[in-house]
Amino acid sequence: MASKLPPPPIVNPKRKNFLGQPAPQGYVAGVGRGATGFTTRSDIGPARDASDVPDDRHPAPAKRKKDDEEDLEEDLNDANYDEFAGYGGSLFNKDPYDKDDEEADAVYEAIDERMDEKRREYREKRRKEEIEKYRQERPKIQQQFSDLKRELCAVSEDEWKNIPEVGDARNRKQRLHGRREKFTPLPDSVLTRNLGGESSTSIDPKSGLASAFPGMLTPTGDLDLRKIGQARNTLMDIKLNQVSDSVSGQTVVDPKGYLTDLQSMIPTYGGDINDIKKARLLLKSVRETNPNHPPAWIASARLEEVTGKLQAARNLILRGCETCPNSEDLWLEAARLVPVDTAKNVIAQAVNHLVNSVKLWIKASELEQDMKAKKRVFRKALEHIPNSVRLWKAAVELEEPEDAKILLSRAVECCPTSVELWLALARLETYENARKVLNKARENIPTDRQIWITAAKLEEAHGNTTMVEKIIDRSINSLAANGVEINREHWLKEAVDAEKSGAVLTCQAIIKFVIGHGVEDEDRKHSWLEDADNFTSQGAFECSRAVYSHALEIFPAKKSIWLRAAHFERQHGTRDSLESLLQRAVAHCPQAEVLWLMGAKSKWLAGDVPAARSILSLAFQANPNSEEIWLAAVKLESENWEYERARKLLAKARNSAPTPRVLMKSAKLEWHLGDPEEALKQLHTAIEQFPDYPKFYMMQGQIHALQQHMTLARESYSLGTRKCPTSVPLWLLLARLDESQGNMTRARSVLEKARQKNPQNPQLWLEAIRLEWKTGLKDIASAMMAKALQDCPVSGLLWAETIFLVDRPQRKTKSVDALKKCEHDPHVLLAVSKLFWTERKTQKCREWFNRAVKIDPDFGDAWGYFYKFELLHGTAEEQNDVKKRCVQAEPRHGEVWTSISKSPQNWRAKTEDILLAVAEALSVPV
């Protein structure tokens, strides 16, 4: 039988197992047999052994996944082909991504990041501006209600509780669904069957009925209804006995005793008990280590006191007193901890050990209840400690004046360096004895200024005024001789105290001799005026007057100091003091016109017209061609119905001082006196002399308008705008004239031309906005307001108008923006006041009105609104106060104020009359 050949093997044994497989990472052919010439150093460096650390700079290319291979296939679509660049995509997509590629990408990324940083700030700023602009154009719902959210901070707790609950909109069936429980009563047969044991039941343990129904579960299975009723009554009795007394019906709980028990249960120390134990051990260790250390005993006693163990604290502190009998603090702590009766014995022992302790003697007097006992304690203490000022003062306070004088005479002997004791003795003595006492005090204490000042006050109080300045002068020299520094601030404070105590001469003397100390010659004027303002703010008017008097003695020819002093006397002085000051002022500064005018006005307000005329005549002699004095004389005569005198004075003034103001006042007087033709004639002459004075054209146009000569009025205004293109009132008058005639297009043209001639002028913008608003073009008015705010971003006039141009919900937000831009503008403050007025917030409205008139007292419209507000919501006292303050301020500006004050029929009206007319003309803001 022929043998069969074995089948050929499936795997060829001669084939190497590594064939067809990728080389391992870092493999270099020939390294095993020492071949190193396959690569160069510039490629991968020298050849390495298998045991070397592999170089990762040139790793084997990673095998790509199937998905990656699909992604990296070239896109040969026609849409991806360009005639110039060919097919899109990377040329090296199929190449392996090695370390060099990674380093190159990192470098490029760093460059891109660096370039991005250069433009990042600009890009973020631009993005922020775009977001803000977008938010302004399209605000969120949250921003629209921001002003209402701000008001929530003022809502009280009661108002929160009074807010009604949101109602349930569901119908009654839906609301009551699930609340109603349906109960179906079981028949007695079921209860009987269960009681008989046919079925098991369970009783709700919360009901407590299992123990309340004795005999219910009977073996016979019968239901005993009588016993159920008895159980129910038993339960009711138990509940009632728990709450109240069955006889009197009163509660059986004692609230006072109950609270007392609760109080006794509250621990007096809230800390950890372990901390207390540690503190006890530490303090015990300190006491045993150093028993003569008083703070250890005091700390131990206070620890026991805090933890509620008062008796232990007392025992500890008394042991400490026995151990350290010379410690003052220990005895005082013991007197505090022990009862009052025991404290007296403790203090007695303490005084035996520490007889020179002032605190212990004072504590002993505090423990005594009887006044005689207190005096006895102090006298015994002074026997042992005669040089204690504190004991002497405490003892003197308990005595009558005569006995106090005796004690003080002894006290100054024992304590000759105590200024307080010397001064107290001087106050109790007579005039002669007080002088002797103060002289002795100066001998014993030559370095204290209080004694000298008291001596000066003493001389002033007894009418010896000539000695006051001598004493102050001598005091400064004596103190300087004894090496005492003359502190200017301390002495000026003493001057204020002297004025408050009524010693005016002493105050003036101190300022006279001290105010020049420590001040350079070139800084004297500025420094002294600051001192005067500081004294005025403190209410020390005599000190301020003394400063001005001394400054005028040193600088008699300084007009600014005379003016400051005159304003001070007008506000805080009398009419006589003001007139005497002005007489001295014009004698030293005859060329100062304002001083002459202030003197004449003071006489005129007092009703002394001849004296005012004499002052003005003297002023004419000193200033022959002064325009101000001429006009003041004309006003004086016209206000006193002397029109012929006023005309003659103006004729002389036109000949001697033909200034534009003189010519304008002449024409204005004729106009107001009812002679417009003469006024026009004078204006024509004035325009020929001064063609660039805008008020001539205004008056001429207004007179023509009153005479219904509109064409002539327009010609006057047009000529004025050509001659004086920078005069804004002229442009406004011309535009209003066109508007009054119904020619809106021409008015717009005039205002546009005016804005070209006078850029960034808020008055012209406001007039144009109001013109569009009156014609009903509100959208155009709003757009124009936006342009105006861009042109004049800090104009309070425009911001105030903006607040009331927007809808009511947005007014508060606009007011906040206006205050941010123009915080101290009177127009904005007035607009905010009117806004609070519309919201009926009277107190806030009054506060903001006060701010407005305080920032700009010359703003007449604010006074008019303020007075009208008080007429509607204030008391008679508040109304008179506003009127009085307005008369003192004498406002002259304001849109409504000037329209009324400059009206021909009101040319002689006083400030009070104009205020009433303005308040009547203004409307309540809505």
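The first residue of the sequence shown is numbered 1, and numbering continues consecutively from there. Bear in mind the structure is a predicted one, so any value in this text is a computation, not a measurement.
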Between the NZ atom in K841 and the CD atom in E847, the distance rounded to the nearest 0.5 Å is 12.0 Å
Heavy atoms of A498 and S501 approach each other most closely as O-OG, 2.8 Å
Heavy-atom donor-acceptor pair, E499 side chain to C543 backbone, under 3.5 Å
yes
ask   = Under 3.5 Å, is there a donor-acceptor pair between the side chain of Q571 and the main chain of F568?
value = no
Rounded to the nearest 0.5 Å, the CG atom of D531 sits from the OG1 atom of T536 at a distance of 10.5 Å
Scanning both residues in full, the closest heavy-atom pair of P891 with C886 reads CD-O, 3.4 Å
- Query: Does K910 come within less than 4.0 Å of E912, counting only side-chain N to carboxylate O?
  - Reply: no
Applying side chain to side chain contact (heavy atoms under 4.5 Å, CB included) to E870 and not counting sequence neighbours gives R846, F866, E878, Q879, V882
Determine whether L819 and L829 make a side-chain contact, defined as any pair of heavy atoms from C-beta on separated by less than 4.5 Å. yes
With sequence neighbours left out, the residues meeting side chain to side chain contact (heavy atoms under 4.5 Å, CB included) with P676 are I703, Q707
V496/K493 under side chain to side chain contact (heavy atoms under 4.5 Å, CB included): CA gap, chis, key distance, verdict: CA-CA 5 Å; V496 175; K493 189 176 182 300; 5.6 Å; no
query: Okay, side chain of S549, backbone of A546: is any donor-acceptor separation there less than 3.5 Å?
result: no
Exactly one candidate in F535, F541, Y548 meets ring pair (Phe, Tyr, Trp, His ring centres under 6.0 Å) with H572; the answer is F541
For S795 and P762 the tightest heavy-atom approach is OG-CB, 3.0 Å
| task | Dump the intermediate steps for side chain to side chain contact (heavy atoms under 4.5 Å, CB included) on S727 and T721, then the final yes or no. | result | CA-CA 7 Å; S727 176; T721 55; over 6 Å; no
| Salt bridge check: are E920 and K868 linked by an N-O gap of less than 4.0 Å? | no
Residue pairs meeting ring pair (Phe, Tyr, Trp, His ring centres under 6.0 Å), one or both in residues 781-828, sequence neighbours left out, come to H827-F859
d(L730 CG, K695 NZ) to nearest 0.5 Å is 11.0 Å
Nearest heavy-atom approach of V853 to A862 is CG1-CB, 4.0 Å
Distance col, row F869:CZ vs C845:SG, nearest 0.5 angstrom, shows 4.0 Å
Salt bridge R564-E530, side-chain N to carboxylate O under 4.0 Å: no
With sequence neighbours left out, the residues meeting side chain to side chain contact (heavy atoms under 4.5 Å, CB included) with E823 are none
Result block: side-chain N/O donor-acceptor pairs under 3.5 angstrom for residues 778-794, not counting sequence neighbours:
{"residue": "S782", "atom": "OG", "partner": "K778", "partner atom": "O", "Å": "3.0"}
{"residue": "D791", "atom": "OD2", "partner": "Q760", "partner atom": "N", "Å": "3.3"}
{"residue": "D791", "atom": "OD2", "partner": "W765", "partner atom": "NE1", "Å": "3.0"}

Output for pair (R770 CZ, L805 CG), nearest 0.5 Å, gives 9.0 Å
TODO: Quick one: do K844 and E839 satisfy side chain to side chain contact (heavy atoms under 4.5 Å, CB included)? Show the steps, please.
DONE: CA-CA 10 Å; K844 284 189 175 182; E839 296 176 354; over 6 Å; no
Residues at least two apart in sequence or cross-chain that pass side-chain hydrogen bond (donor to acceptor under 3.5 Å, both in side chains) with S560, listed by chain then number, are K525
_With a 4.5 Å cut-off on side-chain heavy atoms, are T775 and E772 touching?_
yes
**Item:** Side chain proximity check, V918 to Y865, heavy atoms < 4.5 angstrom
**Value:** no
For this session: Please tell me if the side chains of E890 and D858 come closer than 4.5 Å, counting only heavy atoms from C-beta onward.
Result: no
Contacts of D856 meeting side-chain hydrogen bond (donor to acceptor under 3.5 Å, both in side chains) (sequence neighbours excluded), chain-then-number -> none
Going through the distances and angles, do R545 and E542 end up as a salt bridge (charged side-chain N to carboxylate O under 4.0 Å, His left out)? CA-CA 5 Å; R545 192 172 285 112; E542 291 297 332; 3.1 Å; yes
Residues G894 and T898: closest non-hydrogen pair is O-OG1, 2.6 Å
For F696, the ring pair (Phe, Tyr, Trp, His ring centres under 6.0 Å) test, sequence neighbours excluded, returns Y693
### Query
Is the Y717-Y697 ring centre distance short of 6.0 angstrom?
no
**Prompt:** Taking atom types as modelled, is there a side-chain donor on T875 or E877 under 3.5 Å from an acceptor on the other?
**Reply:** no
D881 meets the salt bridge (Lys or Arg N to Asp or Glu O under 4.0 Å) criterion, sequence neighbours left out, with R885
Taken in chain and number order and not counting sequence neighbours, the residues that satisfy side chain to side chain contact (heavy atoms under 4.5 Å, CB included) with P809 are D807
inquiry  = Counting C-beta onward and ignoring hydrogens, is there a side-chain heavy-atom pair between Q763 and E767 closer than 4.5 Å?
reply    = no
- Is there side-chain contact between E569 and H567, with heavy atoms separated by less than 4.5 Å? no
Nearest heavy-atom contact between A705 and A713 is N-CB, 3.9 Å
Across all chains, not counting sequence neighbours, the salt bridge (Lys or Arg N to Asp or Glu O under 4.0 Å) partners of D817 are none
The test is side chain to side chain contact (heavy atoms under 4.5 Å, CB included); show your working for L751 and R755 and say whether it passes. CA-CA 6 Å; L751 291 173; R755 290 201 299 273; 4.1 Å; yes
### Task
Flag this pair as yes if the NZ/CZ of R851 is under 6.0 angstrom from the six-membered ring centre of W848 and inside a 45 degree cone about the axis; otherwise no.
yes
*For L835, does its backbone N or O pair with a side-chain atom of T838 as donor and acceptor, under 3.5 Å?*
yes
field: Sidechain-backbone polar pair: S544 side chain, A540 backbone, donor-acceptor under 3.5 Å
entry: yes
Indicate yes or no for a side-chain donor-acceptor contact from N761 to the backbone of L764 under 3.5 Å, with no hydrogens or angles considered.
yes
**Asked** Any donor-acceptor pair under 3.5 Å linking the side chain of D913 with the backbone of A909?
**Response** no
So CG of L766 and CH2 of W773: to nearest 0.5 Å the spacing works out to 12.5 Å
Got a donor-acceptor contact below 3.5 angstrom from the S903 side chain to the I900 backbone? no
- Heavy atoms from other residues, nucleotides or ligands near CD of Q905 exceed 12 (cutoff 6.0 Å): yes
Ring pair (Phe, Tyr, Trp, His ring centres under 6.0 Å) filter on H550, not counting sequence neighbours, yields W528
Polar side-chain atom of W837 near backbone of V924 as donor-acceptor pair, under 3.5 Å: no
